[in-house]
Asks: 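Please see the structure below; I have some questions.
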Amino acid sequence: MPERLPFVDLRMQYRNHADELQRAIDGVLESAAFILGPEVTAFEEEFARFIGARHCIGVGSGTAALRVALLALGIGPGDEVLMPANTYIACALATSQVGAVPKFVDVGDDYLMRVDEIESALTPKTKAIMPVHLYGQAADVEAIVSIARRHGLAVIEDASQAHGARILSRCVGSFADVGCFSFYPGKNLGAYGDGGAIVTNDPEVAERIRLYHDFGQSKKYEHLLKGDNCRLDSIQAAVLRVKLVHLERWNAQRLAAARRYDGLIKALGVAPPVRHADEGHVYHLYVIEVPDRDSLIERYREANIEVGIHYPVPIHLQRAYGDLQLPQGSFPRTEDAARRIISLPMFPEITPAQIERVAEVLKVHLERTGVRA
Ligand SMILES: *Cc1c(COP(=O)(O)O)cnc(C)c1O
């Protein structure tokens, strides 16, 4: 069996930074401040500064970030939230959790929500737009915010896959009413467990979120609203503080890896993923479309190379969303992509030799399927 090439090598990242990570975790254990406390506050300040937003509130997950953001913006029962048809299901779940209904917009060749199809998807019930910076690429959030302003809608950026992606040197997450992040371990900035954050420039929205995420309390046993318990825990905050320092370099390494993939893949006659601008893409995922995708996945399995599909079944075709009654064919570009996309191994530490190994399997696949020019 050839050596295993993981999809994301979190053990390698840990080994490279074990000393500082262990010191950070030990510090929390020594302090016994596990909930909120100085590590969480320090991380929130550092992450807000990094993104370029005034406020940051750590929460328990990316899904919680989306849900609490929707609540803080007053989205609730009867409201509709527009989102790309091709995204992680958490966008729709968070919307359903607040009693609102997800409404999908098909994606373009960059796999991002089609801005030119937003206005035709609006109804009198639409209250918010949730653009997703998918795979690490910045969506055209400025255009989306300007459409939203014309129609009096809120905008919630889902930047869960795009920590540090920029539009003209400004980080995504800072453009809309709120920006949401996930720190799921495999994300560009990942904790050692679940975690998430919400950033905003609006002090009132920030205050509502801060109350809500800690039982609605302003101080112990003084509950101003019916909140929840969805805080970022201190050990995760301490880990994230260590990792945040390295994020820019890791993102640059991802871009370098993507460029290497681009060259090899182009030489095989396959289109590399669309990239609008270097700084606007932090390559959380490297996604291409290939003929006979499922047999390529089989070849990767034989080669002991881990690959993924993001995402194999669009949300509107999931059983959980059967109630929306959106048949096959509702979002053709998303459905077509779901049959053809494959995500190749991508992580900052991936080596040129590993990338060549991935491309070699693709080359053999294309030769065998006879598609190669
Ligand atoms: C990961 C992810 C989420 C959910 O984040 P969790 O921390 O796993 O809850 C939401 N949206 C997108 C686009 C994601 O990639």
Side-chain angles (χ1 to χ4, degrees), residues 7-8 10 43 47 56-71 81-98 100 102 104-105 107 110-113 128-139 141 144 155-165 171-173 176 178-199 209 213 228-233 235-237 239-240 243 251 254 281-287 308-315 318 320-321 334 337-338 341 343 346-347:
F7 186 62
V8 178
L10 292 177
F43 173 70
F47 195 65
C56 169
I57 303 97
V59 292
S61 69
T63 308
L66 293 167
R67 175 173 56 87
V68 176
L70 287 161
L71 285 171
V81 179
L82 285 191
M83 64 189 65
N86 184 43
T87 181
Y88 187 52
I89 196 167
C91 300
L93 294 176
T95 301
S96 302
Q97 283 163 11
V98 305
F104 304 109
V105 174
V107 297
D110 53 9
Y111 305 108
L112 303 173
M113 186 179 199
I129 310 177
M130 185 183 283
V132 182
H133 305 291
L134 199 73
Y135 305 157
Q137 176 141 257
V141 69
I144 292 168
V155 179
I156 295 134
E157 283 175 80
D158 185 350
S160 292
Q161 300 190 1
H163 319 69
C171 279
V172 301
V178 293
C180 295
F181 292 85
S182 163
F183 304 125
Y184 178 81
K187 301 286 160 84
N188 289 34
L189 179 62
Y192 288 146
D194 280 312
I198 304 171
V199 300
I209 292 168
H213 93 309
D228 196 357
N229 172 6
C230 50
R231 302 166 297 209
L232 177 67
D233 76 65
I235 290 180
Q236 303 307 341
V239 166
L240 290 165
K243 291 197 181 190
N251 282 344
R254 286 174 182 272
H281 205 326
V282 293
Y283 285 98
H284 174 58
L285 296 169
Y286 188 89
V287 177
I309 305 173
H310 300 86
Y311 296 91
V313 180
I315 301 168
Q318 295 280 356
Y321 280 103
T334 293
I341 47 177
S343 309
M346 171 56 80
F347 49 93

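Only a predicted model underlies this, so the values are computations on that prediction, with no experimental measurement involved. Indexing begins at 1, ligand by ligand and atom by atom, following the structure's order.
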Asks: Mind checking ring pair (Phe, Tyr, Trp, His ring centres under 6.0 Å) for Tyr88 and listing every partner two or more places apart, or none if nothing turns up?
Replies: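 Counting only residues at least two positions away or on another chain, Tyr88 forms a ring pair (Phe, Tyr, Trp, His ring centres under 6.0 Å) with Tyr311.
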Asks: Does a sphere of radius 6.0 Å around OH in Tyr184 hold more than 12 heavy atoms from other residues, nucleotides or ligands, not counting ones at 6.0 Å or beyond?
Replies: no
Asks: Given 3.5 Å as the limit, does a donor-acceptor pair link the side chain of Lys243 with the main chain of Gly190, or not?
Replies: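 It does hold such a pair.
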Asks: Quick one: ring pair (Phe, Tyr, Trp, His ring centres under 6.0 Å) partners of Tyr135, sequence neighbours excluded?
Replies: Tyr111
Asks: Can you list everything that forms a side-chain hydrogen bond (donor to acceptor under 3.5 Å, both in side chains) with Asp233? Sequence neighbours excluded, please.
Replies: none
Asks: Report each N/O pair between ligand 1 and the protein that falls under 3.5 Å, naming both atoms.
Replies:
| residue | atom | partner | partner atom | Å |
| --- | --- | --- | --- | --- |
| ligand 1 | 5 (O) | Ser182 | OG | 3.2 |
| ligand 1 | 7 (O) | Gly62 | N | 2.7 |
| ligand 1 | 7 (O) | Ser182 | OG | 2.6 |
| ligand 1 | 9 (O) | Gly62 | N | 3.3 |
| ligand 1 | 9 (O) | Thr63 | N | 2.9 |
| ligand 1 | 9 (O) | Thr63 | OG1 | 2.6 |
| ligand 1 | 11 (N) | Asp158 | OD2 | 2.6 |
| ligand 1 | 15 (O) | Gln161 | NE2 | 2.8 |
| ligand 1 | 15 (O) | Lys187 | NZ | 3.1 |

Asks: Please work out which of the three classes, parallel, tilted or perpendicular, describes the rings of Phe181 and His163, given edges at 30° and 60°.
Replies: tilted
